[in-house]
Amino acid sequence: MKILKIVAVSAMALGMTSCVSKKQYDALSSNYKQCIENIGERQREIQDLKSQNSALSGENNLLKSQHDALKSSLDACLSNTGKSSANIDKLVGEINASNSYIKQLISNNAKNDSLNLALSNKLKRSLDNVSDQDVQVKVLKGVVMISLSDNMLYKTGDYNILPAAQEVLGKVAKVINDYDKYSVLIEGNTDNAPLNSPNLPRDNWDLSALRGTSMAKVLQTQFGVDPARITAGGRSEYNPKATNMSVSGRAENRRTEIIIMPKLDEFMKLMDIAPKK
């Protein structure tokens, strides 16, 4: 506005050249020219400022767009973090449940191992005066196995229990009755020597099965073992423990085995244990 006033004054001065001296005219003319130059400079400055303002506006719009994009990404990240946190919490819960399950299994297995070891030791103490060749006691895969020689139990090719075996079976029955939560599996076995007879036993299947049931009956009737705990059967010649090419091997394959183990429903309960969801 100041510049315009100066220009107006200068113009008026030029129009009044006839009223002023030459010296005054020259001064006014110089001022006029200077004002014109100043106006040009100011206009260039204004144009430069407009260009700068346009550039800054573009940068501002770009920064705003980047800000919006970053905010959108942050919101999405926070949302996903919440979901991931929920998934992690669920995973941690499942891991803790699995660890609890594993600890429970280890505890149950340790308990079973302790019971089996106690049972095995008790049997060994009870049978310490019996020949090791006639009676073998061992713990195998969580069960107690008593292996009895056929020479002590039966006559060759027969399934009736010999009187001499009564003492040993009585001691075995005493331990079985003490551990009344356990099941008892009796397996009769034979070697591969063929047995053909029109009467019982007709073959090795008959002989092995009859030897198993014969022992079960003795444990039940003479020593009071609950028959509901007993499973008896035979495996014929098809479960050899040694070669049938030698006398000692065939004798090993004819042994009758008593297997003492937790009842089937106890195993099923153990199998039903699972981590909580």
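Residues Ala232 and Ala216 approach most closely at CB-CB, 3.9 Å, considering heavy atoms. Across all their heavy atoms, Val225 and Ala173 have their closest contact at CG2-CB, 4.0 Å. For Asn177 against Gly224, the heavy-atom pair with the smallest separation is OD1-O, 3.7 Å. Between Leu207 and Gly157, the closest heavy-atom pair is CD1-O, 3.7 Å. In terms of heavy atoms, Ala193 sits closest to Asp191 at N-OD1, 3.0 Å. Among all heavy-atom pairs drawn from Ile176 and Arg229, the shortest one is O-NH2, 2.9 Å.
Looking only at atom types and distance, the side chain of Asp134 has a donor-acceptor partner in the side chain of Ser149 under 3.5 Å away. Checked by atom type, the side-chain pair Tyr154/Thr256 shows a donor-acceptor distance below 3.5 Å.
Side-chain contacts under 4.5 Å among hydrophobic residues (ILVMFWY), followed directly or transitively, place Met245 with no other residue at all. Val247 shares a hydrophobic cluster with no other residue; no ILVMFWY side chain has heavy atoms under 4.5 Å from its own.
Within the 4.5 Å cutoff, no side-chain heavy atoms of Val144 are placed close to those of Met261. Side chains of Val184 and Ile259 form no contact here, defined as non-hydrogen atoms less than 4.5 Å apart. A 4.5 Å side-chain heavy-atom check between Met215 and Leu148 finds at least one atom pair inside the cut-off. Within the 4.5 Å cutoff, the side chain of Asn189 has no heavy atoms near those of the Ser236 side chain.
The structure places CG of Asn239 at 10.0 Å from OG of Ser208, a figure rounded to the nearest 0.5 Å. Atom CD1 of residue Ile146 and atom NZ of residue Lys138 lie 12.5 Å apart, to the nearest 0.5 angstrom. The CD1 atom of Ile161 sits 13.0 Å away from atom NZ of Lys155, with the distance rounded to the nearest 0.5 Å. Here the CG atom belonging to Asp150 is positioned 10.5 Å from the CD atom belonging to Glu252, to the nearest 0.5 angstrom. Rounded to the nearest 0.5 angstrom, Ile230 CD1 and Ile186 CD1 are separated by 5.0 Å. Separating the CG atom in Leu162 from the CG atom in Asn151 is a distance of 9.5 Å, to the nearest 0.5 Å.
A donor-acceptor contact shorter than 3.5 Å is absent between the side chain of Ser197 and the backbone of Arg202. The main-chain N or O of Asn244 is found under 3.5 Å from a side-chain atom of Arg250 such that the two form a donor-acceptor pair. Between the Asn204 side chain and the Glu237 main chain, no donor and acceptor come within less than 3.5 Å of each other. No donor-acceptor pair closer than 3.5 Å links the side chain of Arg211 to the backbone N or O of Gly188. Distance alone, capped at 3.5 Å, is enough to place a donor-acceptor pair between the Ser214 side chain and the Tyr159 backbone.
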Worked check of side-chain contact (heavy atoms from CB on, under 4.5 Å) between Gln136 and Arg255 = CA-CA 10 Å; Gln136 298 174 0; Arg255 300 177 75 91; 3.7 Å; yes
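When hydrophobic clusters are built by joining Ile, Leu, Val, Met, Phe, Trp and Tyr residues whose side-chain heavy atoms come closer than 4.5 Å, directly or via intermediates, Leu219 is not grouped with Leu210. The same ILVMFWY cluster, assembled from side-chain heavy atoms under 4.5 Å apart, contains both Phe223 and Tyr182.
Under 4.0 Å is where a charged nitrogen must lie from a carboxylate oxygen, and between Arg235 and Glu187 at least one such pair does. Taking the charged nitrogens against the carboxylate oxygens, Glu257 and Lys241 do have a contact shorter than 4.0 Å, which makes a salt bridge.
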